[in-house]
Amino acid sequence: QGHLAESGGGLVQAGGSLRLSCVLSGSQIDTWYYMAWFRQGPGKEREGIACDEVGGKQTYADSALGRFSISRDNSKNTLYLEMDSLKPDDTAMYYCAAADLTKFRLLWTDAEKYSIWGQGTQVTVGS
């Protein structure tokens, strides 16, 4: 099926920016209809942040709208998440995930939709 590996996390001050990367190996990223970023903060449930669909449709959680931007580069087999104006509430482990159309009826925010996940990259935003 493939393997996902995230990178780009780190410690940043409030108001700063980070770009997360998620490299897919073992398959082609353009064969996965949905590619998404999730995050899980301390003591919180995992939440969907952004989703990119084949064909260019992108969807964002309210918490990410206007600050985060998701994109995929098929030539590099990589998914990105550009994060600006970071806040302490953005502190979390960030995961990328991939889904085909098997569970298309599930919402993009439903983790059950996705069949492969990365191990995560930690983002910490200082106040």
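The backbone N or O of Ile70 sits nowhere less than 3.5 Å from a side-chain atom of Glu82 that would complete a donor-acceptor pair.
Under the 6.0 Å cut-off for aromatic ring centres, Phe38 and Tyr114 qualify, their centroids lying closer than that. For an aromatic pair to be called close, the ring centres must be under 6.0 Å apart, and Phe68 with Trp37 fails this.
With values rounded to the nearest 0.5 angstrom, Leu79 atom CG is found 6.5 Å from Asp52 atom CG. Here the CZ-CG distance, from Arg72 to Asn77, works out to 10.0 Å after rounding to the nearest 0.5 Å. Interatomic distance, CD of Glu6 versus CG of Leu81, reported as 11.0 Å (0.5 Å rounding). Atoms NZ and OG1, on Lys113 and Thr102 in that order, are 9.5 Å from each other to the nearest 0.5 Å.
The two residues Lys87 and Val125 have their closest heavy-atom pair at O-CB, 3.2 Å. Taking each heavy atom of Gly120 and Met93 in turn, the nearest pair found is C-SD, 3.7 Å. Among all heavy-atom pairs drawn from Gly9 and Val123, the shortest one is CA-CG2, 4.1 Å. Residues Ser17 and Asp84 approach most closely at OG-OD1, 2.8 Å, considering heavy atoms. Taking every heavy atom of both residues into account, Leu86 and Arg67 meet most closely at CA-NH1, 3.9 Å. Closest non-hydrogen pair, Leu20 versus Tyr94, comes out as CD1-CB, 3.6 Å.
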Worksheet item: Please walk me through it: do Lys103 and Asp110 pass salt bridge (charged side-chain N to carboxylate O under 4.0 Å, His left out)?
Response: CA-CA 10 Å; Lys103 299 179 180 178; Asp110 190 339; over 6 Å; no
Fill in: Residue pair Asp100, Tyr33: steps toward the side chain to side chain contact (heavy atoms under 4.5 Å, CB included) verdict
CA-CA 5 Å; Asp100 56 21; Tyr33 195 86; 5.6 Å; no
Practice prompt. Please report the C-alpha distance between Ser69 and Tyr80 in whole Å, then the side-chain angles of each, then the deciding distance to 0.1 Å, and finally whether the side chain to side chain contact (heavy atoms under 4.5 Å, CB included) criterion is met.
Written response: CA-CA 8 Å; Ser69 177; Tyr80 299 101; over 6 Å; no
Fill in: Stepwise side chain to side chain contact (heavy atoms under 4.5 Å, CB included) check, Leu24 with Trp32
CA-CA 10 Å; Leu24 174 65; Trp32 294 93; 3.7 Å; yes
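Cation-pi contact between Arg46 and Tyr95: present, with separation from the ring centre below 6.0 Å and deviation from the ring axis of at most 45°.
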